[in-house]
*Asks:* 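First the structure, which I've put down as structure tokens, then a few questions once you've had a look.
Small disclaimer: the values here were computed from a predicted structure and weren't measured. In each ligand, atom 1 is the first atom listed, and ligand 1 is the first ligand listed.
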Amino acid sequence: MWLLLVLLQAALLPAQPCEAPGEAAAVRGLSARLLGLAGDPARDPDPSVYLALRLAGDHDLRGEERYLARLRDAFQRRYGRSLQAADQLHGHPQWDAAATEQNASAEAEWPETGRLALYLLGLRATCPPPDPGPQRSLVTWLKYYLEEDWAGSRRHGHPLTSYYQYSLGVLALCVHRKRVREEVIRRLLAAEHHGRFGHAGGSAVDTQAVAALAFACLERERLVGARLAAELRAAARGVRRRMVEAQGPDGFFGNVYSTPWAMQVFIATNTCQTQPAYGRAMAALLENLDAFTTAATMAQALPALHGRSYLDIASMRCQEEPDTLMPVSAEPPPEMLGDMTVRLVVECPQQWCPQRRLYDRPVSAPAGSSLLDVLRAATTQGPPNFTFVTQDTPQGPFLSRVLGLEARQQQRRYWQLLTAPDTSLQMGVADYRPEDGETLILRLSEW
Ligand code: B12
């Protein structure tokens, strides 16, 4: 009888056609590690983590519920109020992208298109689907942020946030079956067409992929007229073609972290089985699962590894969710003996910089230290004095200020992390572990 039930359940559960063949255990292991990280109350809740848990093959339904409650608490407090009430309270927010003065309240009012979009996607992924009433003000906020980004893109040639967040905004509204103004969609189409998604030191693949998911959703949900639908279909096809052309010999589209996003495009457009590049990317990803050590990177990789895309959120099957996933805690990195010395260089190549090289000296730190540990060690090893500031983000600590120089998002500047002679790092300060003798460069760059 028991065997019959198991067989019946297996027969009812549709195999995901884009799933990793024969690798269920490894993928399940990664889901279990993410669940372990999600259970840590010291970490801020992140909607991408919730989405990855919801789009997995098996679940810890009680754990997911607790995580959703934490997310609701964080977001509802911020967006529960209506937009009109917020406007009356603060006056119309001043979002002048050229503002140079440090202004904490303006910073707080900067559009949060991507965060809110991810949260709304998360809400759509709950089982049973939530009452739409309380979501209305969230949708209104997202529409408002998207309009601000659109207006910013007309004024400055790019959205106030980024095309990545703009695409997430369009995608989330589409998954909620909310219409978006044609001009807003056309802006994204034009940006894709003119190759405006890349930035210095970063590849365009992540952004191209999210935009293509938004295009695929708008077409699938029939939220646009026939002519625009045909243009969106052609654009998604173009993105897929360029990804296949640009696939590296290592099997990745862009790098290991952008590859799962690119794979979601093949999943969402039902081309995972016909496109050999998809199978190569999946194989490369499975070979490199240990690259996904942070909750944020795991959360972005898991949907594709499970053969799912964010478009599947629009049609969750609530009855068929095996409640069998158990959390696994991550192992700490192995301890290494002795010390290492790395050279730390700070560069400011802009015209207004007092000089190009602001700092250049060896720093010693325990072997196996992260770059963040090296920066901390540098602050104790002057002269010259070294100072830095990081900001917590869902991706980990983001280096925002070095030697008193702040890289402000509004000015599209950031502290780029490089290893000599000129290779941009694929990890943040907390995750990158330099080797003895390596030269690390912190460069004030534009994006
Ligand atoms: C746009 C973007 C940027 C912009 C962000 C500015 C902005 N206002 O949008 C800029 C150009 C500044 C940037 C910088 C970096 N980025 Co970046 N970035 C992205 C991208 C394409 C979208 C992020 C986003 O908007 N998410 C949506 C919002 C809602 O989520 P969020 O978490 O709140 O986003 C904020 C933070 O993530 C933060 N951020 C952006 N990148 C990074 C990277 C790290 C390590 C951290 C801690 C924070 C951080 O800025 C976002 C906007 O405020 C992602 C792609 C992806 N797949 O996630 C890569 C991505 C997150 N970045 C990545 C990397 C490696 C970097 C850099 C370390 C590159 C470098 N060598 O310098 C630096 C960070 C250095 C530092 N100072 O600490 C990797 C991270 C991989 C990993 N192992 O974690 C990703 C996944 C790209 C990739 N495929 O490799 N990035």
*Asks:* Determine, step by step, whether Arg412 and Glu446 satisfy the salt bridge (charged side-chain N to carboxylate O under 4.0 Å, His left out) criterion, reporting the C-alpha distance in whole Å, the side-chain angles of both residues, the deciding distance to 0.1 Å, and the verdict.
*Replies:* CA-CA 6 Å; Arg412 295 173 72 84; Glu446 289 182 355; over 6 Å; no
*Asks:* Using heavy atoms and a threshold below 4.0 Å, how should the contact between Ser400 and ligand 1 be classified: side chain, backbone, both, or neither?
*Replies:*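 Near ligand 1, Ser400 shows nothing, with every heavy atom at 4.0 Å or more.
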*Asks:* Would Tyr257 and Phe292 count as a close aromatic pair, with their ring centres under 6.0 Å?
*Replies:*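 Yes, ring centres under 6.0 Å apart.
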*Asks:* I'd like to check which ligand 1 atoms, numbered from 1 as shown, lie under 4.0 Å from a non-hydrogen atom of Ser258.
*Replies:*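 So the atoms of ligand 1 that pass are 89 (N).
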*Asks:* May I ask you to check whether Thr297 has an N/O atom sitting below 3.5 Å from an N/O atom of ligand 1?
*Replies:*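 It does not: no N or O of Thr297 is found under 3.5 Å from an N or O of ligand 1.
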*Asks:* Going by the atom numbers of ligand 1, which of them fall below 4.0 Å from some non-hydrogen atom of Gln165?
*Replies:*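 It comes down to these atoms of ligand 1: 25 (O), 52 (C).
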*Asks:* Provide the number and element of each atom of ligand 1 under 4.0 Å from a heavy atom of Pro397.
*Replies:*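 Going through ligand 1 atom by atom, the ones under 4.0 Å from Pro397 are 47 (C).
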*Asks:* Does Leu425 have a non-hydrogen atom less than 4.0 Å from ligand 1?
*Replies:*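 Contact check Leu425 vs ligand 1: positive.
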*Asks:* Less than 4.5 Å apart, any side-chain heavy atom of Leu344 and any of Leu375?
*Replies:*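 They are in side-chain contact.
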*Asks:* Please verify whether a non-hydrogen atom of Gly254 lies at under 4.0 Å from ligand 1.
*Replies:*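 For ligand 1, residue contact (heavy atoms, under 4.0 Å) with Gly254 is absent.
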*Asks:* Could you see which bit of Phe398 sits under 4.0 Å from ligand 1, with heavy atoms only: side chain, backbone, both or neither?
*Replies:*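 It is both backbone and side chain that touch ligand 1.
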*Asks:* By side chain to side chain contact (heavy atoms under 4.5 Å, CB included), which residues pair with Ala299, not counting sequence neighbours?
*Replies:*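 Residues passing side chain to side chain contact (heavy atoms under 4.5 Å, CB included) with Ala299: Leu34, Ser48, Val49, Ala52.
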*Asks:* Is there a side-chain contact between Val363 and Thr341 in this structure, where contact means two heavy atoms from C-beta onward sitting under 4.5 Å apart?
*Replies:*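 The answer is no, as the side chains (C-beta and beyond) never meet within the 4.5 Å cut-off.
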*Asks:* Centroid separation under 6.0 Å, is that true for the rings of Tyr310 and Trp261?
*Replies:*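 When the ring centroids of Trp261 and Tyr310 are compared, they turn out to be within the sub-6.0 Å range.
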*Asks:* Just jot down the ligand 1 atoms closer than 4.0 angstrom to any heavy atom of Trp261, in number order.
*Replies:*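 That gives atoms 57 (N) of ligand 1.
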*Asks:* Which of the listed options, Ala296, Ser167, Ala430, Gly396, holds the heavy atom that is closest to atom 47 (C) of ligand 1?
*Replies:*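 Minimum heavy-atom distance to atom 47 (C) of ligand 1 goes to Gly396.
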*Asks:* Report the part of Tyr164 in contact with ligand 1, treating N, CA, C, O as backbone and CB onward as side chain, heavy atoms under 4.0 Å; options are side chain, backbone, both, neither.
*Replies:*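 The part of Tyr164 near ligand 1 is the side chain, not the backbone.
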*Asks:* Testing Tyr79, Trp141, Tyr119 for side chain to side chain donor-acceptor pair (under 3.5 Å) with Glu112, which one passes?
*Replies:*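 Between Glu112 and the candidates, side chain to side chain donor-acceptor pair (under 3.5 Å) is satisfied uniquely by Tyr79.
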*Asks:* Hey, which atoms in ligand 1 end up nearer than 4.0 Å to a heavy atom of Gln426?
*Replies:*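 Contacts of ligand 1 toward Gln426, numbered from 1: 65 (C), 81 (C), 82 (C), 83 (N).
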*Asks:* What atoms in ligand 1 come closer than 4.0 Å to a heavy atom of Trp415?
*Replies:*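 Counting atoms of ligand 1 from 1, those under 4.0 Å from Trp415 are 75 (C), 76 (C), 77 (N).
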*Asks:* Which pair of non-hydrogen atoms, one from Val205 and one from Phe253, has the smallest distance, and what is that distance?
*Replies:*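 Result for this residue pair: CG1-O, 3.8 Å.
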*Asks:* When you compare ligand 1 with Thr294, is there at least one nitrogen or oxygen pair between them that comes in under 3.5 angstrom?
*Replies:*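 No, Thr294 has no N/O under 3.5 Å of an N/O on ligand 1.
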*Asks:* Do any nitrogen or oxygen atoms of Gly428 lie less than 3.5 angstrom from nitrogen or oxygen atoms of ligand 1?
*Replies:*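 Between Gly428 and ligand 1, no N or O pair is found under 3.5 Å apart.
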*Asks:* Report the part of Glu112 (side chain from C-beta onward, or backbone N, CA, C, O) that has a heavy atom under 4.0 Å from ligand 1; answer both or neither where that applies.
*Replies:*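 The answer is neither; Glu112 stays 4.0 Å or more away.
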*Asks:* Taking only heavy atoms of Asn255 into account, list the atoms of ligand 1 that are under 4.0 Å away from them.
*Replies:*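 Matching atoms, with element in brackets: 88 (C), 89 (N), 90 (O).
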*Asks:* Indicate, as side chain, backbone, both or neither, the part of Thr393 found under 4.0 angstrom from ligand 1 when only non-hydrogen atoms are considered.
*Replies:*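 The answer is the side chain of Thr393.
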*Asks:* Do Ser364 and Met340 touch side chain to side chain, with heavy atoms closer than 4.5 Å?
*Replies:*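 Side chain of Ser364 against side chain of Met340, heavy atoms only: no contact under 4.5 Å found.
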*Asks:* Does an N or O from Ser424, backbone or side chain, lie closer than 3.5 Å to an N or O of ligand 1?
*Replies:*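 Such a contact does occur with ligand 1.
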*Asks:* Numbering the atoms of ligand 1 from 1, which are under 4.0 Å from a heavy atom of Asp206?
*Replies:*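 Taking each heavy atom of Asp206 in turn, ligand 1 has 55 (C), 56 (C), 57 (N), 87 (C), 88 (C), 89 (N) under 4.0 Å.
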*Asks:* Go through the steps to decide whether Gln275 and Arg240 satisfy the test side-chain hydrogen bond (donor to acceptor under 3.5 Å, both in side chains), and finish with yes or no.
*Replies:* CA-CA 10 Å; Gln275 183 45 257; Arg240 282 200 311 267; over 6 Å; no
*Asks:* Who gets closest to atom 6 (C) of ligand 1 by heavy atom: Phe253, Trp447, Tyr414?
*Replies:*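 Nearest option to atom 6 (C) of ligand 1, by heavy atoms: Trp447.
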*Asks:* Quick one: list whatever passes side chain to side chain contact (heavy atoms under 4.5 Å, CB included) with Pro334, sequence neighbours left out.
*Replies:*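 In terms of side chain to side chain contact (heavy atoms under 4.5 Å, CB included), with neighbours along the sequence ignored, Pro334 is linked to no residue.
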*Asks:* Minimum heavy-atom separation for Pro111 to Thr161, with atom names?
*Replies:*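 Reported closest heavy-atom pair: O-CG2, 3.3 Å.
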*Asks:* Tell me whether the NZ or CZ atom of Arg443 lies within the 45° cone about the ring axis of Trp415 and under 6.0 Å from its centre.
*Replies:*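 No cation-pi geometry.
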